[in-house]
Each structure stands twice: as structure tokens, then as C-alpha cells.
There are 2 protein chains.
Amino acid sequence: MSLPHALLTSLLERPCSGLDLARRFDRSIGFFWPASHQQIYKELGRLEQAGWVASTAAEGARGRKKIYQVLPAGRDELRRWTGTAEDPPPLRDALLVRLRAEAVLGPAGVAGDLRHRLERHRRQLALYREIEQRDFSGRELSRAERLQYLVLQSGLATEAQQAALCEQALELLSAPEPD
Amino acid sequence: MSLPHALLTSLLERPCSGLDLARRFDRSIGFFWPASHQQIYKELGRLEQAGWVASTAAEGARGRKKIYQVLPAGRDELRRWTGTAEDPPPLRDALLVRLRAEAVLGPAGVAGDLRHRLERHRRQLALYREIEQRDFSGRELSRAERLQYLVLQSGLATEAQQAALCEQALELLSAPEPD
DNA sequence: GAACTCATGTAAGGGGTTACATGATTTA
DNA sequence: TAAATCATGTAACCCCTTACATGAGTTC
């Protein structure tokens with residue numbers, strides 16, 4: 001139930017419309033809390049009902065475009081929520097189930113998924129490294145920037161770890177049985 | 001949609017009842033595909049409908065206990081599924097949203113969640129290390145065991161990485177601003 | 001026989017995904 | 001004016017979570 005707070009965070013960084021939010025999610029906060037535009041529109045409606053954000057019809061823009069911005073009550077709510085604690089989200093990864101299935105079945109073709117996943121993780125890693133170079137390198141960082149960088153580093157570490165798992169598994173599968 | 005295949009995998013390792021499955025999930029496959037007993041009962045019903053498992057009333061046991069075992073069609077299905085590929089599951093972690101919120105709000109108490117999470121990850125890490133000592137140390141491992149060990153190592157690496165993130169964030173929050 | 005545990009379910013509700021709908025504006 | 005894009009939604013479905021229900025054996 002963190003989507004509303006992810007939206008408040010993003011809108012605090014910059015007020016914008018629902019579709020703009022959806023686009024920004026695709027390359028920022030959405031890396032660790034993905035959301036479709038359908039979800040975002042519905043949630044923005046709730047946030048407005050709750051009095052946490054306000055919308056104004058965008059001028060000079062096409063159609064029914066609405067710009068949302070965070071109200072003081074929304075900022076208070078985000079601050080309150082940020083101060084609460086939760087358990088880590090449960091891990092749920094089909095690849096690990098496949099590896100266990102391969103263990104019990106004998107050779108069953110899990111290498112295909114491993115290669116697919118390895119390619120995805122390497123691609124994501126490359127994307128995160130681009131962002132690292134572009135936004136966080138070669139200068140002194142503010143407190144806020146260092147926090148944002150830490151979040152990116154978490155993504156880097158996660159992708160690297162998953163890629164390493166795929167590599168180790170592929171190596172294991174191609175190795176001969178020990179004597 | 002991997003719960004049916006997680007159940008097939010677990011039932012191949014050893015046939016058992018729904019409640020036994022639920023208990024085994026709590027300390028094995030459930031580490032990377034959690035499931036409640038309600039989910040498990042419902043899914044076992046579907047698996048039986050599909051002809052992938054068969055149940056027999058348990059003798060010498062109390063009540064309505066049923067023992068499930070995998071049928072050849074179920075084994076075929078598990079083999080088929082193991083050979084397919086999927087994208088990595090989307091990452092969705094409220095802690096990372098909180099860190100971004102703390103970045104945009106200024107101090108908002110995220111340290112509380114960081115300490116809570118650190119404690120959980122350390123506890124999980126200790127549990128995985130116990131399992132490692134108990135099941136995978138001090139002897140030659142078979143192919144199946146090495147695959148299972150790899151899955152456990154993935155859990156170890158994930159928990160260690162998350163704990164490290166919490167430690168780094170706590171350090172950053174307690175450090176003074178640079179000149 | 002009352003309380004507890006074992007064992008198997010049912011029901012309600014929420015978040016997320018996928019597919020579809022609709023109107024307005026720009027572009028060819 | 002036809003097609004493409006912008007912008008905002010609705011609806012159906014699925015998985016998961018939480019709370020509750022039920023019967024059968026065991027223990028005090």
C-alpha cells in the first residue's frame with residue numbers, strides 16, 4: 001500500500017499530470033515501485049478525495065489535462081508514513097522455484113530462463129550505470145542527492161547479485177558431476 | 001502464477017497433506033515463494049482437477065487428512081514450465097520509497113524503518129546460515145544438492161545486501177553535511 | 001465434557017495486470 | 001479528413017491477505 005506515498009514523493013519533486021507521472025515512474029521511482037497509468041489515475045483520484053493533492057486544469061495544454069500538486073495535508077501524511085516501519089516485502093521469484101524443480105526433476109531446461117534473466121539483469125545494470133554517470137558522478141552531492149544515490153546503489157547491487165546468481169547457476173549446470 | 005509449480009516441486013520431494021505442505025513452505029520453498037494454507041488448499045484442488053496430482057485418504061490419521069502425490073502428467077507439466085523463461089519479478093520495496101521521501105522532505109524519521117529492517121535481515125541471515133551449516137557443509141554434494149545450495153546462497157546474498165543497504169543509509173543519515 | 005490441536009476449507013476485500021473505451025489535439 | 005498521439009479513464013480478472021467456519025481427534 002505504498003503507491004499513494006510514492007506518488008506524493010514524486011509530485012513533491014515536481015507537480016505534473018497523471019500521464020507525466022506515469023512516464024516519470026517508468027524511469028525513476030517506478031524502478032522500485034512500478035505502477036501503470038491506470039493505477040496512477042485511480043490513486044490520484046483517491047489522493048484528491050483525501051485532500052492530500054489538488055488538481056488544476058492545465059492552461060495552454062490539450063484536452064482535459066490536469067496538473068496535480070501536493071497540499072500541506074499530503075506533505076504531513078507523507079512525513080507520518082515515512083516515520084513508520086514495515087517488514088521487508090516477501091521475496092517471490094519463479095527462477096528460484098525453477099532451480100528447485102530442476103534439482104528434483106533432473107535436467108529440465110532451466111538454463112533457458114537463466115540466460116534470459118542474465119541478459120535482463122545486465123541490461124538493467126547498464127541502465128543504472130548510465131544514470132549513475134549522468135546524475136551522481138564528478139561533483140559534491142547534497143544530502144538529498146546522496147540519499148537518492150543510495151537508492152540507485154541498492155538497485156545496482158540487486159541487479160549485480162541476480163546476474164551473479166545466473167552466472168553461477170549456468171556454470172554449475174555445465175560442470176561435470178564430481179567423482 | 002508459480003504457486004502450482006512450487007507445490008508440484010515440493011510434492012515431488014515428498015508426498016504429503018495440505019497442512020504438511022503449508023508447514024514445509026514456512027521453512028523451505030516458502031522462503032522464495034510464500035503461501036498461506038488457504039492458498040495451498042485452493043491450489044491443491046485445482047491441481048487435482050487438472051489431473052496433475054492425486055489424493056488418497058490418509059490411514060491411521062485423524063479427521064479428513066488427505067495425502068497428495070504428483071501424477072506423471074504433473075511431472076510433465078513441471079518439466080515443461082521449468083523450461084520456459086520469464087522476466088525478473090518487478091522490484092517493489094517501500095523502504096526505497098521512504099528513502100526518496102526522506103530525500104525530498106528532509107529529516108522524516110526513516111531511520112526507524114532502517115533499524116527495523118536491519119534487525120529482520122540479520123535474523124534471516126542467521127537462519128540461512130544455520131541451514132547452510134546443517135544441510136550443506138562438510139561433505140561432497142550431489143548435483144541436486146548443489147542446486148538447492150545455490151538457491152540458499154541467493155537468499156544469503158539478498159539478505160546480506162539488504163542489511164548492507166540499511167547500514168549505509170543509517171551511516172549517511174548520522175553523518176554531518178559536507179563543507 | 002471442556003479446551004486444545006489437527007485438518008480442511010469459505011468469504012470478503014485489496015492491489016495489480018490486461019484489455020478496452022473515449023475525447024481532444026496535432027500531423028500527414 | 002484520416003491517422004497518430006495525448007490524456008484520462010472503466011471493467012474484468014487474478015493472486016494474495018485476513019478473518020472466519022467446521023469437524024474430528026486428543027488431552028485435561
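Below, chain A is the first sequence line, B the second, and so on; all start at residue 1.
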Please determine whether a side-chain nitrogen or oxygen atom of [X] lies at a distance below 4.0 Å from atom OP1 or OP2 of [N].
X: A/Gln39; N: C/dT17; result: yes
X: A/Tyr41; N: D/dT8; result: yes
X: A/Trp33; N: C/dG15; result: no
X: B/Arg46; N: D/dC14; result: no

Original post:
Mapping B/Arg92 and B/Arg23 onto DNA chain C by nearest heavy atom, which one lands closer to the 5' end?
Top reply: B/Arg23
Original post:
Which class fits the ring pair B/Tyr128 and B/Phe31: parallel under 30°, tilted 30 to 60°, perpendicular over 60°?
Top reply: perpendicular
**OP:** Mind calculating the distance between CD (B/Gln38) and P (C/dA12) to the nearest angstrom?
**Re:** 15 Å
From [options], pick the nucleotide closest to the side chain of [X]?
X: B/Met1; options: D/dC15, D/dT18, D/dG9; answer: D/dC15
X: B/Lys66; options: D/dC15, C/dC6, C/dG9; answer: C/dG9
X: A/Arg64; options: D/dA7, C/dG16, C/dT17; answer: D/dA7

**OP:** Under 4.0 Å between any heavy atoms, over every strand shown, what does B/Lys42 touch: base, sugar-phosphate, or nothing? Just pick one.
**Re:** nothing
Subject >> Short side-chain donor-acceptor distance under 3.5 Å, B/Arg98 and A/Ser2 >> reply: no
**OP:** Would you please say whether a donor-acceptor pair under 3.5 Å links the side chains of A/Tyr149 and A/Glu132?
**Re:** yes
